[in-house]
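Below is one structure, written out as structure tokens; comments come after it.
Whatever order the structure lists ligands and atoms in, that order sets their numbers, starting from 1.
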Amino acid sequence: MTIRANMLVDKNFTVSVIDPRVYGSFIEHLGRAVYGGIYEPGHPTADANGFRQDALEAIRSLRVPIIRYPGGNFVSGYNWEDGVGPKSERKRLLELAWWTTETNEVGTNEFADWAKLAGTEVMMAVNLGTRGIDAARNLVEYCNHPSGSYWSDLRISHGYRDPHRFKTWCLGNEMDGPWQIGAKTAVEYGRLANETAKAMRWVDPTIELVACGSSSRSMPTFADWEATVLDLTYDQVDFLSLHAYYNNNENDTPNFLARSMDLDQFIQSVAAICDYVQAKKRSKKKIMLSLDEWNVWNSIGSSRASERWQVAPPEFEDVYTHEDALAVGCFLITILKHADRVKMACIAQLINTIAPIMTETDGPLWLQSTYYPLLHASTFGRGTVLLSNVDAPKYDSKDYTDVPYIETVSVFDEEQGQLTIFAVNRHLEENMEFDIDVRSFGDLRLIEHIVLENNDLKATNTKTAPNRVLPKSGGHTKVDQGRVNAILSRASWNVIRLQVTKK
Ligand code: AHR
């Protein structure tokens, strides 16, 4: 049997231009993300600075526009001064977020060098756990001030004449979580974030600032936290953060694939809180959302390193399945549907730690299933999100009702004259016939229909079998006089790429 869905897309009805930073990511000093991931002197592909070229190549292909650094929970105990200056003088320190030993071989300047090679911007986080205004404003001065002051001249003496000019800064990380070093109440955090933001902006008025929202929608303080923090920081910040991780530990795939409905609700709720505070303050300013940690995280909650104080032990090295890739596809579509409000989003994380890219220390690199929806969205999802009117059969799962079997979004790249439709068929047994009315675009031709499908929902890519979950170009789509007819295989991720040939 085949199920059917219809969609009408009109090029004149738009949601928003996409901020490319929704394809951002995150690299924390956690597990083997930095050491053994992006940095491994002695690896056969390492350059003179110890950066793995195989990792750089895989990351460059993803066209990641911004990467959050250095944490995460790590940042709340981090003294940035320990990571600059001659490497031989850097301290080895106990790291309390993950109970490891931090060698400080990689710090701000090395990461800035690496980010340049990766073609990405840095989203820098400051420590508001154990530290505060002074350390944060000094870091902005060190990174962004041209010269002629103590901290900027120190940077120059470290070999960096030109300032890094980091534009986007996070005011701490998950400060509501009891696991956080220096966790705070909303009022404590809001006051500190506001005063820190003021000082950071006085050093460099061009920066953008992200205040911490709740560390998840399930936190008991969620919503009150957002309202209080924004009330105290509204004039000083540009973004509020959201963090959202999902898993299929209950092994209930229909429910798992419906989790993007939770993300959708989460985004709507946080936007509503921002608008409530805006109304209360009678402000002209709108706060945008930074979903700066999101992903499938199946090993969430598992304890920190079993043996304490190791250097870069493997941590949270989730092996992603085909169904995880479908969930990531659904989350990407949901982020794009909110392109008017979500201006930054970082898949957490990028390499080795809950990541689409895996490396073996002293060994090869391979790509997980989740790499592919990211690659497609980042490559073809540039331009403007269009409003789409979708009519599809629905199902009920354990936690959700009326889940459409299709999750879909359409993006128009006016410069290239290309319309791209991303779609997940959540049905695990039935193929879907998908009819799309795109007559407002005039004549169109099919460039390609990329499909990620697999008979085994639990199929994974591993070091020895890296190509079990692989997309192919060759899905079944016909285009005739502005009407598209596509067959979406059961449990599949689809990218239907169309070229406008005549208006
Ligand atoms: O991404 C892993 C961890 O998840 C981050 O350090 C923290 O912010 C979140 O809880």
Looking only at protein heavy atoms, which one is nearest to atom 2 (C) of ligand 1, and how far off is it? Gln349 NE2, 3.5 Å
For ligand 1, which atoms, with element, lie under 4.0 Å from some heavy atom of Phe26? 1 (O)
Is a donor from one side chain sitting under 3.5 angstrom from an acceptor on the other, for Thr321 and Asp324? yes
Considering distance alone, does some N or O of Trp98 sit under 3.5 Å from an N or O of ligand 1? no
Which protein heavy atom lies closest to atom 8 (O) of ligand 1, and at what distance to 0.1 Å? Glu293 OE2, 2.7 Å
Short side-chain to backbone donor-acceptor contact, Asp318 and Asn298, under 3.5 Å: yes
Give a yes or no on whether a salt bridge exists between Glu195 and Arg191, defined as a side-chain N under 4.0 angstrom from a carboxylate O. yes
Side chain, backbone, both or neither: which part of Thr353 has a heavy atom under 4.0 Å from ligand 1? neither
With heavy atoms and a 4.0 Å threshold, my read on which part of Phe74 contacts ligand 1 is neither
So is Asn73 polar-close to ligand 1, meaning N/O to N/O under 3.5 Å? yes
Could I get the full list of side-chain hydrogen bond (donor to acceptor under 3.5 Å, both in side chains) partners for Ser492, not counting sequence neighbours? Asn494
For atom 10 (O) of ligand 1, which of the options Glu315, His29, His243, Glu174 provides the nearest non-hydrogen atom? Glu174
With atoms numbered from 1 as shown, which atoms in ligand 1 lie under 4.0 angstrom from a non-hydrogen atom of Gly72? 5 (C), 6 (O), 8 (O)
Could you tell me whether Phe316 approaches ligand 1 through its side chain, its backbone, both or neither, with non-hydrogen atoms closer than 4.0 Å? neither
Salt-bridge criterion met for Glu40 and Arg32 (N-O under 4.0 Å): no
I want to check a possible cation-pi pair here: Arg155 against Tyr160, using under 6.0 Å from ring centre and within 45° of the ring axis as the test. no
Report yes or no: does Lys285 contribute a side-chain atom to a donor-acceptor pair with the main-chain N or O of Val237 at less than 3.5 Å? yes
Backbone or side chain, does any N or O of Glu28 fall under 3.5 Å from an N or O of ligand 1? yes
Do Glu226 side-chain atoms and Cys274 backbone N/O form a donor-acceptor pair below 3.5 Å? no
